[in-house]
Amino acid sequence: MLSIALGIAWLAYAVFGASFALGAFVAGLVLNGTPLGHNAAERSLPLRDAFAVLFFVSVGMLFDPTIILTQPLAVLGVVFIVIIGKSLAALVITSAFKLDRATSLTVAASLAQIGEFSFILAALSMYLGAMSRETHDLILAASLLSISLNPFVFAWVDRLGARTPPAPPVTLPPPPVERDQKDGASLGGVL
């Protein structure tokens with residue numbers, strides 16, 4: 001499994017000139033639909049949890065808490081854009097596709113945070129000089145706050161009606177009474 005993934009990643013790097021990371025992404029896409037990929041995913045669950053902890057610890061080490069004290073309005077503005085802006089955009093898009101209210105609210109709550117990929121983009125932008133350190137710190141603070149507030153957003157969305165109550169059990173009408181074709185008498189309970 002690992003050799004297949006590394007082989008696809010190297011092939012993308014050597015033949016197509018793509019980055020090794022992009023090749024690894026393509027390898028994940030290729031192996032996702034195979035039984036081998038599902039088996040590897042099940043076996044790697046403990047590693048996934050360990051890497052998730054490592055990821056958030058490393059992001060926490062990058063976080064400069066003084067940005068909240070020095071620029072609280074800017075942090076709140078970015079958090080507002082992320083939570084409210086992305087949620088409203090998701091509601092508009094899901095409404096345009098005529099999805100039901102529960103689905104629209106769930107999608108909106110799911111997108112009411114900055115994902116992990118934004119850390120990579122922000123770090124790359126800062127490395128290339130397209131973003132200042134202050135902007136990076138604002139994005140990092142907003143992402144940590146939005147990730148922390150996301151469970152509360154889901155709870156609020158559930159109260160708005162995203163979680164529909166279970167439908168009452170359907171009671172079927174009694175089966176039609178069969179009649180004997182000879183005399184038309186009911187056979188219910190006679191036999």
Side-chain angles (χ1 to χ4, degrees), residues 1-34 37 40-41 44-94 96-97 104 106-154:
M1 168 68 183
L2 184 61
S3 58
I4 294 171
L6 288 174
I8 293 172
W10 179 83
L11 188 69
Y13 173 74
V15 175
F16 299 111
S19 70
F20 198 75
L22 182 61
F25 176 73
V26 172
L29 289 176
V30 169
L31 293 173
N32 183 37
T34 65
S44 66
L45 284 177
L47 282 175
R48 184 193 67 176
D49 295 340
F51 281 124
V53 169
L54 195 66
F55 170 76
F56 283 107
V57 166
S58 64
V59 168
M61 290 171 49
L62 293 173
F63 177 59
D64 180 16
T66 59
I67 193 79
I68 294 175
L69 300 174
T70 58
Q71 298 182 11
L73 294 178
V75 171
L76 287 176
V78 175
V79 170
F80 181 82
I81 289 170
V82 168
I83 292 178
I84 303 299
K86 285 178 66 178
S87 296
L88 288 176
L91 284 173
V92 168
I93 292 169
T94 54
F97 283 105
S104 296
T106 303
V107 169
S110 299
L111 294 177
Q113 64 178 341
I114 294 180
E116 294 85 2
F117 190 61
S118 65
F119 299 133
I120 297 168
L121 293 177
L124 184 62
S125 296
M126 199 173 74
Y127 174 75
L128 295 174
M131 180 185 296
S132 68
R133 179 70 187 178
E134 293 79 23
T135 306
H136 180 266
D137 290 343
L138 277 175
I139 291 172
L140 195 58
S143 64
L144 291 175
L145 287 172
S146 68
I147 289 170
S148 300
L149 293 173
N150 198 256
F152 300 108
V153 172
F154 266 104

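- Considering OG1 of Thr66 and CD of Gln71, their distance stands at 9.0 Å, rounded to 0.5 Å.
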**Q.** Evaluation steps, side chain to side chain contact (heavy atoms under 4.5 Å, CB included), between Glu134 and Leu138
**A.** CA-CA 6 Å; Glu134 293 79 23; Leu138 277 175; 5.8 Å; no

Q. Hey, mind stepping through Met131 and Ile139 against side chain to side chain contact (heavy atoms under 4.5 Å, CB included) and telling me if it holds?
A. CA-CA 11 Å; Met131 180 185 296; Ile139 291 172; 3.6 Å; yes

Q: Check the pair Phe152 / Ile83 against side chain to side chain contact (heavy atoms under 4.5 Å, CB included), numbers first and verdict last.
A: CA-CA 11 Å; Phe152 300 108; Ile83 292 178; over 6 Å; no

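- Partners of Phe119 according to the ring-ring contact (aromatic ring centres under 6.0 Å, His included) rule, which considers only residues two or more places apart in sequence or in another chain, are Phe55.
- Summarising the geometry of Gln113 relative to Ser146, their closest heavy-atom pair is CA-OG, 3.5 Å, with the distance given to 0.1 Å.
- Considering every non-hydrogen atom in both Leu91 and Thr94, the closest pair reads O-OG1, 3.2 Å.
- For the atom pair Ile114 CD1 and Asn150 CG, the distance stands at 11.5 Å (nearest 0.5 Å).
- Note: Ile67 CD1 to Thr135 OG1 = 8.5 Å, rounded to the nearest 0.5 Å.
- Here the CG-CG distance, from Leu144 to Leu62, works out to 9.5 Å after rounding to the nearest 0.5 Å.
- The heavy-atom pair separating Ala108 from Ala90 by the smallest distance is CA-CB, 3.8 Å.
- Between the side chain of Ser143 and the main chain of Leu140, a donor-acceptor pair closer than 3.5 Å is present.
- Atom CD1 of residue Ile68 and atom CG of residue Leu145 lie 5.0 Å apart, to the nearest 0.5 angstrom.
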